[in-house]
Novice: 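Before anything else, here's the structure in question.
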Amino acid sequence: MLKTDVVVIGAGAVGCAIAHELSKYKIDVLVVDMNEDVGGDASKSNSAIIHTGYDAAPGTLESQLVVAANSMYDELTQSLDVPFKRIGAILPAITQEQFDRLPEIKEKAFRNHVYDVEFKTGAELLEMEPNLNPEVKGGLYIPRESIIDPFIFVQALAENANTNGVEFMLGARVKDIKTENGKIKSVVTSCGEIETRYVINSAGLYCDEIAEMVGKAEYKVVARKGQFYILDKNTSCKVEHIVLPIPTKVTKGKLMCPTMHGNMLVGPTAEDQESKVDKSTTSAGLDSIAADVKNLVPNVNIRDTITQYSGLRPNRNPEGLHFDMYEDLEGYINLSGVRSTGLTLSVAMGKYVVQQMMYHGEELELKDNFISERKGIIKFSEQTPEVQDKLIKENPLYGNVICRCETITEAEIVDAINRPLGAKSVDAVKRRVRAGMGRCQGGFCGPKVIEILARETGRSTTDINKNNPGSYMVTGTTR
Ligand SMILES: Cc1cc2nc3c(=O)[nH]c(=O)nc-3n(C[C@H](O)[C@H](O)[C@H](O)COP(=O)(O)OP(=O)(O)OC[C@H]3O[C@@H](n4cnc5c(N)ncnc54)[C@H](O)[C@@H]3O)c2cc1C
């Protein structure tokens, strides 16, 4: 039987951030995920905003963690080579009723210790963001709201944790957790049993099912779907900030913002549903996005959509972000209600979990050989012509452009496949280097990516999946 000190369930933002933090200490950690790739579930289908916590419920654990996390991103993204930009958010009030709510929202930001929120006049907002609704009466500016590449972020946390000794068991579903005398004993997975002292439940949508395995099912998770449009980089109407509506109780509302790669992101909806797997987009949901966002940015050109997607927020019932350890179950850490801000708060949660383990008597000693730097995949299209020439001379695969929309070379795809925790599927390649994320959505490069994956991993093209096992894209030859 495999043996470790800590099993982290879930390789999403939260699980990987915890593993990354633990990798600084002398303790054995194994991350288990039923997906074939790191990156999680909600963690790869969200708005990709690093929040400030201005609108969190004051005094809650969520507010503390989001507020604490925001300032960690400058250094962390630098050392892990993760695309991140502090572009700031604006909250325009279009109606008088919305305008009258601004002091209350600013006051809430203050209660959350987000002091740099500023009032702006309508004219000031229009100068910052000329495509705003000209009827804007004024609004708030939240300078530290930021955007990140959520895929690279989680991959980088995982890769760096792995460099520092954390093991990953992917494609392994946790089926049971065994306890003995009020202590965690082992985790049973579809790939075998693991003896462990700790289990950290960061299973997102399924954290209630994991909790049930140890008799701690005090809550249920209800999926709250969020649908999005992604607009072409050349769309006629763009924004430079995160343009947020005045939030409601249920949702932060439908926004428009740039992505790290220059597309426009428009959405999301907030729709509770029974299914934890239904990630379809619907015309009703998408129409509601278009209608709502037009109030903020009237000329948004939805016809420039290149794709739509949806993500499922792991909404806890009863609501709220919870961190639980139990006196009658030593070694079990339960995280639940990591709903709408989990991408942001993940890094603070990593630190919080480690501190709580110490409070509960775990003697964690820092490693003296922790490697804090991680280098991402070289982006050929962003290099100077001199550097590009040099790269091609060193490795001719840089001279072969596979994805024309995003200018991604064969060398980048090969690196994505062969680096630690590398890509095994077409979507995993896409999330690492953006091949297939452009205007044609993989229509041109898809078959070539399949061939490269087959060649590099020694498999047949018919064995290459779109994402998880069984989602093959090629069935055989036609002639
Ligand atoms: C529409 C939408 C918009 C959002 N926008 C933002 C935003 O702008 N900013 C922000 O900070 N947050 C945002 N969020 C929230 C954020 O995405 C989530 O809170 C966060 O990604 C949760 O991370 P996680 O690691 O807890 O869960 P996940 O990413 O869901 O990962 C959980 C992992 O657990 C694994 N797992 C589950 N059960 C098992 C099992 N039995 N065995 C093995 N593995 C298992 C799953 O396979 C999965 O990989 C948004 C979410 C959505 C859906």
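Read the numbers this way: they start at 1 and go in the same order the structure lists the ligands and their atoms.
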Novice: Any side-chain to backbone donor/acceptor pair from D5 onto D28? Under 3.5 Å, distance only.
Specialist: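 A pair under 3.5 Å: yes.
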
Novice: Answer yes or no: does an N/O atom from A42 fall short of 3.5 Å to an N/O atom of ligand 1?
Specialist: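 Indeed, backbone or side chain, A42 has an N or O that close.
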
Novice: To the closest 0.5 Å, what do you measure between NZ (K294) and SG (C237)?
Specialist: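 These two atoms lie 10.0 Å from each other.
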
Novice: Among K44, Q155, R432, find the one that has a side chain to side chain donor-acceptor pair (under 3.5 Å) with D37.
Specialist: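 The passing option is R432.
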
Novice: Would you indicate which of I147, N46, T189, L343 comes nearest to atom 10 (C) of ligand 1 when only heavy atoms are counted?
Specialist: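 The residue whose heavy atom sits nearest atom 10 (C) of ligand 1 is L343.
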
Novice: Could you tell me the residue and atom name of the protein heavy atom closest to atom 42 (N) of ligand 1, and the distance to it rounded to 0.1 Å?
Specialist: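 Residue, atom and distance for the closest contact: V174 N, 2.8 Å.
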
Novice: So, applying side chain to side chain contact (heavy atoms under 4.5 Å, CB included) with I289, which one of D292, L286, D287 is it?
Specialist: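 Of the listed residues D292, L286, D287, the side chain to side chain contact (heavy atoms under 4.5 Å, CB included) partner of I289 is L286.
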
Novice: Looking at Y115 versus Y54, is the centre-to-centre ring distance below 6.0 Å?
Specialist: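 No, they do not, as the ring centres are separated by 6.0 Å or more.
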
Novice: Between the candidates S43, G12, A203, which shows the shortest non-hydrogen contact distance to atom 29 (O) of ligand 1?
Specialist: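 Minimum heavy-atom distance to atom 29 (O) of ligand 1 goes to S43.
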
Novice: Would L345 count as a polar contact of ligand 1, with the cut-off being nitrogen or oxygen pairs under 3.5 Å?
Specialist: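 There is no such contact.
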
Novice: I need the single residue from N201, V199, I210, D208 that forms a side chain to side chain contact (heavy atoms under 4.5 Å, CB included) with N334. Which is it?
Specialist: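 Going through the options one by one, the only one that passes is N201.
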
Novice: Before signing off on this row, confirm whether S47 and ligand 1 have an N or O atom pair separated by under 3.5 Å.
Specialist: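 The answer is yes, given that S47 and ligand 1 share an N or O pair closer than 3.5 Å.
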
Novice: Could you tell me if S425 and N465 have a donor-acceptor pair between their side chains, going purely by distance under 3.5 Å?
Specialist: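 Note: N465 and S425 side chains miss the donor-acceptor criterion.
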
Novice: Can you tell me the protein heavy atom closest to atom 34 (O) of ligand 1 and the distance?
Specialist: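 For atom 34 (O) of ligand 1, the nearest protein heavy atom comes out as G10 CA, 3.3 Å.
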
Novice: Can you find an N/O atom of A13 closer than 3.5 Å to an N/O atom of ligand 1?
Specialist: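 Among all N and O atoms of A13, at least one is under 3.5 Å from an N or O of ligand 1.
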
Novice: Identify the protein heavy atom lying closest to atom 38 (N) of ligand 1, giving its residue, its atom name and the separation to 0.1 Å.
Specialist: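 Nearest protein contact, heavy atoms only, for atom 38 (N) of ligand 1 is Y206 CB, 3.4 Å.
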
Novice: In the protein, what heavy atom is nearest to atom 45 (C) of ligand 1, and what distance, to one decimal place, separates them?
Specialist: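 For this ligand atom, the closest protein heavy atom is M34 CG, 3.9 Å.
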
Novice: Check contact between C16 and ligand 1, using heavy atoms of the residue and a distance below 4.0 angstrom.
Specialist: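 No, C16 has no heavy atoms under 4.0 Å from ligand 1.
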
Novice: Between ligand 1 and L205, can you find any atom pair, the residue atom being a heavy atom, that is separated by under 4.0 Å?
Specialist: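 L205: no contact with ligand 1 (<4.0 Å).
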
Novice: Looking only at protein heavy atoms, identify the closest one to atom 1 (C) of ligand 1 and say how far it is in Å.
Specialist: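 Its nearest protein heavy-atom neighbour is F228 CE1, 3.5 Å.
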
Novice: What's the shortest distance from atom 25 (O) of ligand 1 to any protein heavy atom, and which residue and atom give it?
Specialist: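 Result for atom 25 (O) of ligand 1: V14 N, 3.0 Å.
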
Novice: For a quick test of your reading: what N or O donor-acceptor pairs under 3.5 Å do the side chains of residues 348-359 make, sequence neighbours left out?
Specialist:
| residue | atom | partner | partner atom | Å |
| --- | --- | --- | --- | --- |
| K351 | NZ | E21 | OE1 | 3.2 |
| K351 | NZ | E21 | OE2 | 3.4 |
| Y352 | OH | Q356 | NE2 | 3.4 |

Novice: K220 pairs by salt bridge (Lys or Arg N to Asp or Glu O under 4.0 Å) with which of E274, E209, E212?
Specialist: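 Of E274, E209, E212, salt bridge (Lys or Arg N to Asp or Glu O under 4.0 Å) with K220 is met by E212 alone.
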
Novice: Using the rule side chain to side chain donor-acceptor pair (under 3.5 Å), only one of H261, R431, R434 pairs with D149; which is it?
Specialist: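 For D149, the side chain to side chain donor-acceptor pair (under 3.5 Å) test succeeds with only one of H261, R431, R434, which is H261.
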
Novice: Which bit of C207 gets closer than 4.0 Å to ligand 1, counting heavy atoms only: side chain, backbone, both or neither?
Specialist: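 Under 4.0 Å from ligand 1, C207 contributes no heavy atoms.
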
Novice: Which option out of R313, R339, M349 puts a heavy atom nearest to atom 18 (C) of ligand 1?
Specialist: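 Looking at heavy atoms only, the winner is R339.
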
Novice: Under 4.0 Å from a heavy atom of A48: which atoms of ligand 1 are those, numbered in the order shown and with their elements?
Specialist: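 Going through ligand 1 atom by atom, the ones under 4.0 Å from A48 are 8 (O).
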
Novice: Among all protein heavy atoms, pick out the one at the shortest distance from atom 13 (C) of ligand 1; state its residue, atom name and that distance to 0.1 Å.
Specialist: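 Atom 13 (C) of ligand 1 sits closest to the protein heavy atom S340 O, 3.0 Å.
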
Novice: Considering distance alone, does some N or O of R224 sit under 3.5 Å from an N or O of ligand 1?
Specialist: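 No; every N/O pair is 3.5 Å or more apart.
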
Novice: Inspect the surroundings of CD in E240 and state if more than 12 heavy atoms from other residues, nucleotides or ligands are less than 6.0 Å away.
Specialist: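 Open: at most 12 neighbouring heavy atoms sit under 6.0 Å from CD of E240.
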
Novice: For ligand 1, find out whether one of its N or O atoms is nearer than 3.5 Å to an N or O atom of V338.
Specialist: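 By distance alone, the answer is yes.
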
Novice: Relative to atom 33 (C) of ligand 1, which among D33, I210, D41 owns the nearest non-hydrogen atom?
Specialist: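 Looking at heavy atoms only, D33 sits closest to atom 33 (C) of ligand 1.
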
Novice: Nearest non-hydrogen contact with atom 7 (C) of ligand 1 belongs to which option: H51, K44, K279?
Specialist: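 Going through H51, K44, K279 one by one, H51 has the nearest heavy atom to atom 7 (C) of ligand 1.
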
